[in-house]
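Counting starts at 1 for both ligands and their atoms, following the listed order. Keep in mind the model is a prediction, meaning the values are calculated, not measured.
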Amino acid sequence: MYNKKMYELGSHPSAIRDLFEYGKKRKLEIGEKNVFDFSLGNPSVPSPSIVNDTLLELINNTDPCMLHGYTSAVGDVMVRESIEEYLNKTYKASVSSDLIYLTVGAAASLTISLNAICNSGDEVVVLAPFFPEYKVFVEKASAKLVIADANKKTFLPDISKLESCINKNTKAIIINYPNNPTGVMIDEESLKALCDLLSKKEQEYNHPIYLISDEPYRELLYNNMDYLFVTNYYKNSIVCYSFSKSLSLPGERIGYIIVNPECENSKEVFYAVCGAGRSLGFVCAPALFQYMIPNCLGYTSDLSIYEANRDILYNNLTSIGYEVVKPDGAFYLFVKALETDAVKFCENAKEFELLLVPSDSFGVKGYIRISYCVDTSMIERSLDSFKALYDSYNGGN
Ligand code: PLP
């Protein structure tokens with residue numbers, strides 16, 4: 001007999017995937033241009049040209065057996081060194097290549113990190129709204145997901161709510177800024193308050209509480225905001241990074257884990273990362289894309305396109321009357337649904353060919369997520385539908 005839990009996961013795709021599949025069918029029925037699909041976070045801006053230039057250079061000038069061969073299980077040493085150098089220079093951090101593990105995107109980075117630190121009975125706290133797959137990853141690591149609501153106005157951590165969710169079983173908290181689904185970036189005061197709370201709780205319970213920072217949107221920040229690199233703020237921290245969004249490479253599956261050198265027993269924690277990677281089969285991340293990294297660090301896809309999309313949507317939706325969280329980064333807009341049941345609201349939105357994701361799977365009710373990593377022209381075409389949807393609730397013409 002197969003594993004029932006895995007069957008459940010495989011046979012019930014996420015709400016986001018469901019909607020995406022619906023969109024594909026609907027586009028065949030009424031034409032691609034007439035469906036406004038805001039479901040998936042699939043980058044719509046091409047990779048910067050340095051990515052393909054580097055890949056071609058590698059393909060043309062590298063011994064194929066090396067290029068397509070196994071690397072060290074943890075990743076190529078020179079690639080890891082280049083990441084160390086880049087991060088230390090860019091964020092004034094002090095990460096070490098010895099504690100960097102290359103892997104296949106942020107999903108694997110999170111799964112490996114959680115399996116490395118969690119034992120059965122441990123609890124992992126997430127801040128709602130949160131990326132729905134956290135539940136799957138945490139439970140696969142034999143831990144229990146504990147949900148702490150973020151502040152409903154700012155969507156930043158609510159320190160007293162968070163404190164009430166931490167107990168002697170708490171092993172880690174996952175944060176994600178800029179955030180999916182709200183687009184919010186944490187400010188320094190809030191990050192320090194969060195770190196102070198965790199340090200206090202570590203002392204109280206006399207064991208490390210890891211801060212796992214899930215950072216696929218690290219570079220997708222607007223208005224010249226600075227990124228706050230978590231190892232500069234908290235000792236027992238682990239960074240889970242991915243090039244999926246910054247370089248528009250989600251299909252290539254490349255990213256890394258960093259164990260903060262200041263982490264208690266950092267070497268042992270890193271060995272546990274290696275062991276988790278090994279037991280999950282996440283060793284030797286794709287070699288070609290590892291070798292691409294040194295040349296492409298510091299580059300991003302053209303973020304001005306996402307910023308323009310954000311501005312068009314934010315300005316138009318707020319002027320229609322929608323209540324929208326102003327996003328600092330990523331490519332999502334979090335909007336208050338016009339009725340308490342966001343699932344119903346999204347069903348109604350389909351009548352106007354708007355494909356919006358209800359917030360329920362992100363752990364909060366009453367909102368919708370719009371992914372604006374789409375063609376700007378689609379956003380422009382969709383505005384009449386957003387207006388008509390609003391009017392259908394507010395008696396407009
Ligand atoms: N974490 C968050 C918050 C995400 O939004 C995503 C993907 O959308 C991931 C992790 C997974 O990223 P990857 O495709 O690099 O595995």
Side-chain angles (χ1 to χ4, degrees), residues 9 13-17 19-20 38-45 47 51 75 83 101-115 124-138 140-141 145 147 150 155 157 172-186 211-221 227 230 238-258 277 280-282 285-286 289-290 292-293 296 300-301 306 327-334 357 359 361-364 369-374:
L9 284 175
S14 73
I16 302 172
R17 286 268 155 203
L19 190 62
F20 177 64
F38 293 101
S39 62
L40 272 195
N42 208 2
S44 55
V45 178
S47 306
V51 168
I83 295 171
Y101 188 99
L102 286 160
T103 188
V104 285
S109 301
L110 287 160
T111 315
I112 293 173
S113 301
L114 289 163
N115 277 275
V124 175
V125 182
V126 296
L127 300 165
F130 60 90
F131 181 55
E133 293 303 280
Y134 290 165
K135 183 169 159 55
V136 179
F137 301 158
V138 166
K140 181 64 192 154
L145 186 90
I147 300 171
F155 288 96
I173 159 168
I174 304 176
I175 58 169
N176 163 233
Y177 299 105
N179 181 260
N180 175 9
T182 63
V184 164
M185 174 63 197
I186 195 165
L211 181 57
I212 299 178
S213 180
D214 176 24
E215 306 187 354
Y217 304 99
R218 187 198 287 155
E219 291 84 1
L220 275 73
L221 261 181
Y227 192 77
V230 81
I238 298 176
V239 172
C240 293
Y241 182 76
S242 156
F243 293 93
S244 295
K245 317 287 175 169
S246 58
L247 290 178
S248 303
L249 292 173
E252 306 302 353
R253 316 306 300 139
I254 189 78
Y256 56 78
I257 300 166
I258 296 173
L280 292 161
F282 291 141
F289 282 87
Q290 287 193 42
M292 170 215 69
I293 291 172
C296 298
T300 62
S301 304
Y306 296 137
D328 306 305
F331 36 50
Y332 306 106
L333 213 60
F334 209 51
V357 180
S359 60
S361 56
F362 298 102
V364 294
R369 187 194 76 172
I370 294 175
S371 286
Y372 57 81
C373 44
V374 295

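For atom 7 (C) of ligand 1, the closest non-hydrogen atom of the protein is K245 NZ, 3.5 Å. Closest protein heavy atom to atom 14 (O) of ligand 1: R253 NH1, 3.0 Å. When only non-hydrogen protein atoms are considered, atom 6 (C) of ligand 1 lies nearest to F131 CZ, 3.4 Å. Residue, atom and distance of the protein heavy atom nearest to atom 2 (C) of ligand 1 are D214 OD2, 3.3 Å. Ranking protein heavy atoms by distance to atom 12 (O) of ligand 1, first place goes to A106 CB, 3.5 Å.
Residue Y101 comes nearest to F282 through the heavy atom pair OH-O, 2.7 Å, listed as atom of the first residue, atom of the second, then distance. Closest non-hydrogen pair, I254 versus P286, comes out as CD1-O, 4.2 Å. For L247 against M292, the heavy-atom pair with the smallest separation is CD1-CE, 4.0 Å. Contact record, N42 with P250: OD1-CG, 3.5 Å, taken as the closest heavy-atom pair. The minimum heavy-atom distance linking P216 with N176 is given by the pair CD-ND2, 4.2 Å.
Y217 and F331 have their aromatic ring centers within a separation under 6.0 angstrom. In this structure, the ring of F243 has its center no less than 6.0 angstrom from the ring center of F289.
For the pair Y332 and ligand 1, the shortest N or O to N or O distance does not fall below 3.5 Å.
No side-chain donor from either of S301 and Y306 sits under 3.5 Å from a side-chain acceptor of the other.
Listed by number with element, the atoms of ligand 1 under 4.0 Å from a non-hydrogen atom of N176 are 3 (C). Heavy-atom proximity to A107, at under 4.0 Å, picks out these atoms of ligand 1: 11 (C), 13 (P), 16 (O). Near S242, meaning under 4.0 Å from one of its heavy atoms, ligand 1 places the atoms 15 (O). Every atom of ligand 1 is numbered from 1 in the order shown, and the set under 4.0 Å from a heavy atom of S244 is 13 (P), 14 (O), 15 (O).
Within the structure, ligand 1 lacks P250 among the residues with a heavy atom less than 4.0 angstrom away. Residue contact annotation: F243 has no non-hydrogen atom under 4.0 Å from ligand 1.
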